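Structure first, commentary second.
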Amino acid sequence: DIQMTQSPASLSASVGETVTITCGASENIYGALNWYQRKQGKSPQLLIYGATNLADGMSSRFSGSGSGRQYSLKISSLHPDDVATYYCQNVLTTSLTFGAGTKLELK
Amino acid sequence: QVQLQQPGAELVKPGASVKLSCKASGYTFTNYWIHWVKQRPGQGLEWIGEINPGNGRSNYNEKFKTKATLTVDKSSTTAYMQLSSLTSEDSAVYYCARRVSYGNRFDYWGQGTTLTVSS
């Protein structure tokens, strides 16, 4: 199986800041990477698909980039509503592995 | 509107089996694969497997091949996941999700069923 490594595991930032979460794959996944946001007590929600495409209804403050084995999620101008855990997911192979998650908190 | 409805909670004894349900509505059930995802308290998301409601074909995470069995009932547009030989390690929230082919993205999720395995 392809292993997904996210960093950092947790992150604390202030309102208005820009933060970046990274996700590394154990092999080239050719941009087949999705990001999900999971708020406390809620189901995960699709955030970015195909590494760079913003899901319907999600804020343009979120953006994805990357290729090959390295990917990142950038959140611009942090809002209190962005407090959540963020997961990357390999969708290249049949076994759709998730990263361990990055917990984002406000300072 | 698209909905995936899951029971809120299940309580079962160790060693038993349980069949979790995921009732789909608001779209053509047989056109989208249904996936199942596990989340233990304080831990990340684990992909369990997927099933094609149109033909019943399924794929599993190797880790769950002897634990989970995925089925569907087209007449009731419901997907099921049976978990066997339950232990405390199976206590978790289990989500079902619909996959869109383009981008392999999970665009709708159920609310999750909290499974508690306890005597």
Side-chain angles (χ1 to χ4, degrees), chain A residues 1-10 21 23 25 29-58 62 64 66 71 73 84-105, chain B residues 1-9 20 22-24 27 32-52 57-65 67-68 70 92-114:
Chain A
D1 286 358
I2 294 176
Q3 306 304 313
M4 307 301 292
T5 305
Q6 266 185 257
S7 63
S10 63
I21 298 167
C23 181
I29 57 172
Y30 303 96
L33 181 105
N34 297 340
W35 290 95
Y36 294 87
Q37 177 192 62
R38 185 181 176 277
K39 295 182 180 180
Q40 186 68 28
K42 298 279 188 75
S43 304
Q45 188 171 10
L46 178 67
L47 190 52
I48 299 283
Y49 65 96
T52 61
N53 302 289
L54 186 66
D56 291 345
M58 302 308 284
F62 294 93
Y71 299 86
L73 172 70
T85 301
Y86 294 85
Y87 296 91
C88 62
Q89 183 196 29
N90 145 54
V91 293
L92 176 68
T93 56
T94 301
S95 190
L96 306 179
T97 44
F98 288 95
T102 296
K103 187 173 184 178
L104 174 60
E105 298 173 324
Chain B
Q1 71 282 22
V2 174
Q3 284 190 326
L4 297 173
Q5 293 177 288
Q6 299 182 255
L20 305 183
C22 171
K23 167 115 178 106
Y27 70 98
Y32 298 84
W33 289 70
I34 292 288
H35 291 243
W36 291 85
V37 175
K38 176 182 182 180
Q39 184 160 35
R40 296 202 67 205
Q43 298 192 20
L45 303 172
E46 271 191 289
W47 180 77
I48 296 171
E50 61 176 352
I51 187 163
N52 182 330
R57 183 181 147 215
S58 57
N59 298 300
Y60 294 88
N61 181 336
E62 280 292 327
K63 179 180 174 179
F64 292 95
K65 272 192 168 176
K67 171 63 64 177
L70 305 183
V93 178
Y94 291 88
Y95 296 101
C96 61
R98 185 183 84 158
R99 175 173 67 98
V100 176
S101 293
Y102 180 69
N104 264 340
R105 59 194 194 271
F106 297 175
D107 64 342
Y108 285 92
W109 294 66
Q111 289 304 301
T113 296
T114 300

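Convention: sequence-line order gives letters A, B, ...; per-chain numbering from 1. From a predicted model like this one, the values you see are computed outputs, not experimental measurements.
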>> Run the side-chain contact (heavy atoms from CB on, under 4.5 Å) test against E46(B) and tell me which residues pass, sequence neighbours left out.
In response: K38(B), K63(B), F64(B)
> For K103(A), does the NZ atom have more than 12 heavy-atom neighbours from other residues, nucleotides or ligands under 6.0 Å away?
Replying inline: no
> Should the heavy atoms of other residues, nucleotides or ligands under 6.0 Å from CZ of R40(B) be counted, would the total exceed 12?
Replying inline: yes
Which pairs would a plain distance check flag for residues 48-57 of chain A, meaning a side-chain donor or acceptor within less than 3.5 Å of a matching protein atom at least two apart in sequence or in another chain?
residue, atom, partner, partner atom, Å
N53(A), ND2, Y49(A), O, 3.0

>> Quick check on K42(A) against chain B: is it the side chain, the backbone, both or neither that has a heavy atom closer than 4.5 Å?
In response: backbone
> So which of N104(B), N59(B), L45(B), V37(B) has the biggest tally of heavy-atom pairs under 4.5 Å with chain A?
Replying inline: L45(B)
> Does any heavy atom of chain A fall under 4.5 Å from the side chain of V100(B), the backbone, both, or neither of them?
Replying inline: neither
> Can you tell me if S58(B) uses its side chain to pair, donor with acceptor, with the backbone of L70(B) under 3.5 Å?
Replying inline: no
> Using a cut-off of under 4.5 Å for heavy-atom pairs, which of T85(A), T94(A), L96(A) has the most such pairs with chain B?
Replying inline: L96(A)
>> Heavy-atom cut-off 4.5 Å, strictly under: side chain, backbone, both or neither for A100(A) against chain B?
In response: backbone
> Hey, which of R99(B), R57(B), R98(B) is the one that makes salt bridge (Lys or Arg N to Asp or Glu O under 4.0 Å) with E50(B)?
Replying inline: R99(B)
>> If we ignore hydrogens and angles and just use 3.5 Å, is the side chain of Y94(B) paired with the main-chain N or O of T114(B) as donor and acceptor?
In response: no
>> Filter on side chain to side chain donor-acceptor pair (under 3.5 Å), then keep only pairs touching residues 32-41 of chain A, sequence neighbours left out; what's left?
In response: Y36(A)-Q89(A), Q37(A)-Y86(A), R38(A)-Q39(B), R38(A)-Y95(B), K39(A)-D81(A)
>> Can you list the residues of residues 1-10 of chain A that sit under 4.5 Å from chain B, counting heavy atoms only?
In response: D1(A)
